[in-house]
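As the structure lists them, so they are numbered: ligands from 1, and atoms in each ligand from 1.
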Amino acid sequence: MNSTPQLTHTREELAQALSQLEGTRALVMTMGALHRGHLELVRQAQELADHVIVTIFVNPTQFAPGEDYDAYPRTLDADMEALSTVGADLVWAPSVTDAYPTPATTRIDAGPVAHILEGATRPTHFAGVALVVSKAMNLIRPDVALFGQKDAQQLAVIRTFVRDLDMPVRIQAVEIVRDSDGVALSSRNQYLSEEERVHARSLSRAIDEARAAAALGVPLDEVLRAASSVLEAEEGVVPDYVAIVDDDDFTLLAGSGSAAEQVDEDSREKALEAAATQGSLRARILLAARVGATRLIDNADVVISVAGGARHE
Ligand code: PAF
């Protein structure tokens, strides 16, 4: 039988509640509006530590003016109820002043990984994520923190600054959870109308097409084209970018849309040359598109053949 987690708001309440927990801690950070994807993070967290701590906070510093900070769904009661079905121990749901008692002037820049793709479209986003994640790490001191693979670039950014700043925490990725129609779960899916929801399926279809092309051993740029052509053909969908990155270090290997200009030819050549000895490269295809007024992202791993003529055309 699971029970409702203890709910804290202020730093003092959080510190007091943490002092009662003996053993290891797993952290799951969220902005609320919890769905099955978040609950899967909590479930996996339970297997990795004695206690699970969940944060629920719509973090203002990761939203730029004009983005959906005000509209972002805030559903604390429903979130607490959902968490009681999976059994987290403690929730920290701070107000903005609990999280930021003074306006933060520090900026954490994880470097190139934070400047391409989402970082190019949303230039202040990852600094805001890095700030709030660092705060939570310092206040909660988890042994392990779990993040969804759905935000693959966010995960890469977090891994980078956690490594560079020697933060004593293990970062654990959790696979994307999808609905039966293939759409990756996201709190923003609730913005979609019924018709838009049907168009939103094109994102996972684009990924499937790219993976099918890769399985045939076609070159990198053809894998990319297989995905972009699905999005371009879909009415009601405006692609922002389709990109393929090296899954180990997030080097951008190929891009279409706004990502095309961000590919650094030297880095791409180096990554492909290194992979040529193996004959293949563990990569990740990422896409972002507007479906109506809602911007959606999706991604999946993909193995790219780099044998022989699989270089750039
Ligand atoms: O992925 C999210 O929901 C947010 O970016 C995070 C990690 C909770 C930080 O606000």
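Taking a cut-off of under 4.0 Å to the non-hydrogen atoms of V132, the atoms of ligand 1 that pass are 9 (C), 10 (O). Atoms of ligand 1 lying under 4.0 Å from at least one heavy atom of T30, given by number and element, are 8 (C). The Q154 neighbourhood of ligand 1 comprises atoms 1 (O), 2 (C), 4 (C), 5 (O), 7 (C), with distances under 4.0 Å to a heavy atom of that residue.
For R282, the side chain to side chain donor-acceptor pair (under 3.5 Å) partners two or more places apart in sequence, or in a different chain, are D248. Checked against side chain to side chain donor-acceptor pair (under 3.5 Å), S84 has no partners two or more places apart in sequence or in another chain.
One finds the CD atom of Q172 at 10.5 Å from the CD atom of Q149 (value rounded to the nearest 0.5 Å).
Among M29, M31, Q62, the residue whose heavy atom lies nearest to atom 10 (O) of ligand 1 is Q62.
No side-chain donor from either of E12 and Q16 sits under 3.5 Å from a side-chain acceptor of the other.
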